[in-house]
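Just follow the structure's listing: the first ligand is 1, and inside any ligand the first atom is 1.
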Amino acid sequence: MHDSAWMPTGLDPDVPSAARVYDYFLGGHHNLAVDRAFAHRAAQALPDLPLILRTSRHFLRRAVHFLLDVGVTQFLDLGSGIPSAGNVHEIAQSVTGDSRVVYVDRDAVAIAHAGLMLEGDDHAVALRADMRRPWDVLHSDAVTKMLDLSQPVAVLLSAVLHFVPDDAEAQSIVAGYRGALAPGSYIVISQGTKEPAGRRGDDVIRLYEETDSPFTARDRAQFTALFKGLELVEPGVVYVPQWRPETPEDVDDHPERSCAFGAIGRKPMF
Ligand SMILES: C[S@@+](CC[C@H](N)C(=O)[O-])C[C@H]1O[C@@H](n2cnc3c(N)ncnc32)[C@H](O)[C@@H]1O
């Protein structure tokens with residue numbers, strides 16, 4: 001039995017889902033009692049958690065605006081999550097009639113709702129897939145029909161690589177996408193780090209082992225290593241609120257409270 005009609009069949013309603021917990025923290029409604037109970041425990045362990053997830057989402061918004069400003073109109077959003085306010089295709093379509101967006105997530109709820117949201121939209125599509133398999137994603141019908149990989153594309157890895165525990169695997173995933181992109185393409189990455197949260201960071205990471213997506217924090221050096229073969233766009237690797245803040249609300253005196261690094265890399269022309 002599911003506690004809601006929107007829940008796709010075949011899911012275990014007793015296991016919290018990282019995607020639905022994130023949805024709950026962002027004020028969404030596509031979450032279950034098990035997700036809400038988990039979110040409350042996680043916020044008790046790390047009271048900044050709701051702020052952390054919001055600042056991460058704000059980084060994504062600013063990154064997409066930057067990419068549109070430099071003329072990129074094609075987006076491959078990996079680990080796109082359950083649709084929420086400020087989805088990538090909405091930001092892109094508010095700026096240009098020409099954008100193309102492919103959303104990819106392994107979570108059934110995320111893709112079911114993205115599919116509903118995109119009904120009748122010829123410029124965006126949702127694909128249920130594992131972003132750890134770049135070849136499969138890049139050769140999917142969704143990508144080959146929606147995106148022209150001979151032209152610059154922005155690959156978004158926002159708050160998703162911390163679900164890949166192994167550094168070498170995370171680097172090889174990024175390399176798999178980078179290798180297929182045209183020069184002048186961009187890769188956006190944000191990911192959690194735990195040092196600023198001290199012991200509370202370890203507590204919340206331990207809690208996430210109960211979800212479908214255990215969490216791995218990375219320090220600045222591990223995060224920076226993800227950008228091998230890319231030119232970092234200014235300001236380089238920073239805490240997410242420090243990445244080109246647009247208003248005083250975007251960044252305060254303690255950007256490290258975001259517990260997340262963010263950066264954008266550009267595939268060199270030569
Ligand atoms: C924290 S949410 C981030 C959502 C969105 N990218 C954002 O920044 O607002 C992480 C999402 O990544 C998805 N995810 C985790 N591992 C994945 C994988 N291997 N392949 C595809 N999606 C994945 C989860 O299902 C979840 O929806």
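Annotation: D77 places no N or O atom under 3.5 Å from an N or O atom of ligand 1; distance criterion only.
Given atom 19 (N) of ligand 1, the protein heavy atom at minimum distance is D130 OD1, 2.8 Å. Looking only at heavy atoms of the protein, atom 8 (O) of ligand 1 is closest to S158 OG, 2.5 Å. In terms of protein heavy-atom proximity, atom 14 (N) of ligand 1 is closest to V160 CG2, 3.7 Å. Protein heavy atom nearest atom 20 (N) of ligand 1, with residue, atom name and distance: M131 N, 2.9 Å. In terms of protein heavy atoms, atom 7 (C) of ligand 1 is closest to Y22 OH, 3.3 Å. Of all protein heavy atoms, the one lying nearest to atom 24 (C) of ligand 1 is D105 OD1, 3.5 Å.
Atoms NE2 and CG, on H162 and L157 in that order, are 10.5 Å from each other to the nearest 0.5 Å.
Counting heavy-atom neighbours within 6.0 Å of R220 CZ, excluding the residue itself, gives a total above 12. More than 12 heavy atoms of other residues, nucleotides or ligands shown are found within 6.0 angstrom of NE2 on H40.
The heavy atom nearest to atom 10 (C) of ligand 1, considering only A260, G81, A159, is found in A159.
Side chain of R62 to main chain of R244: a donor-acceptor pair is present (N/O by atom type, distance under 3.5 Å, no hydrogens or angles). Checked by atom type and distance alone, the side chain of T193 pairs as donor or acceptor with a backbone atom of R218 at under 3.5 Å. Between the side chain of D105 and the backbone N or O of G81, at least one donor-acceptor pair lies under 3.5 Å. Between the side chain of Q191 and the backbone N or O of T216, at least one donor-acceptor pair lies under 3.5 Å. N87 places no side-chain N or O within 3.5 Å of a backbone atom of H89 that could act as its donor or acceptor partner.
Within the 4.0 Å heavy-atom criterion, neither part of A110 lies near ligand 1. Only the backbone of S80 comes within contact range of ligand 1, with a heavy atom under 4.0 Å; no side-chain atom does. Using a 4.0 Å cut-off between heavy atoms, R106 contacts ligand 1 through both its backbone and its side chain.
Checked for salt-bridge contact, R20 and D23 miss the test: no charged N lies under 4.0 Å from a carboxylate O.
Within the listing of ligand 1, atoms 3 (C), 4 (C), 5 (C), 6 (N), 11 (C), 12 (O), 13 (C), 22 (N) sit less than 4.0 angstrom from a heavy atom of G79. Near D107, meaning under 4.0 Å from one of its heavy atoms, ligand 1 places the atoms 25 (O). Which parts of ligand 1 touch F163 is read off a 4.0 Å heavy-atom cut-off, strictly below it: atoms 10 (C), 15 (C).
In summary, the aromatic rings of Y103 and F75 are positioned with their centroids too far apart to meet the 6.0 Å limit.
Taking a 4.0 Å cut-off on heavy atoms, A129 registers as neighbouring ligand 1.
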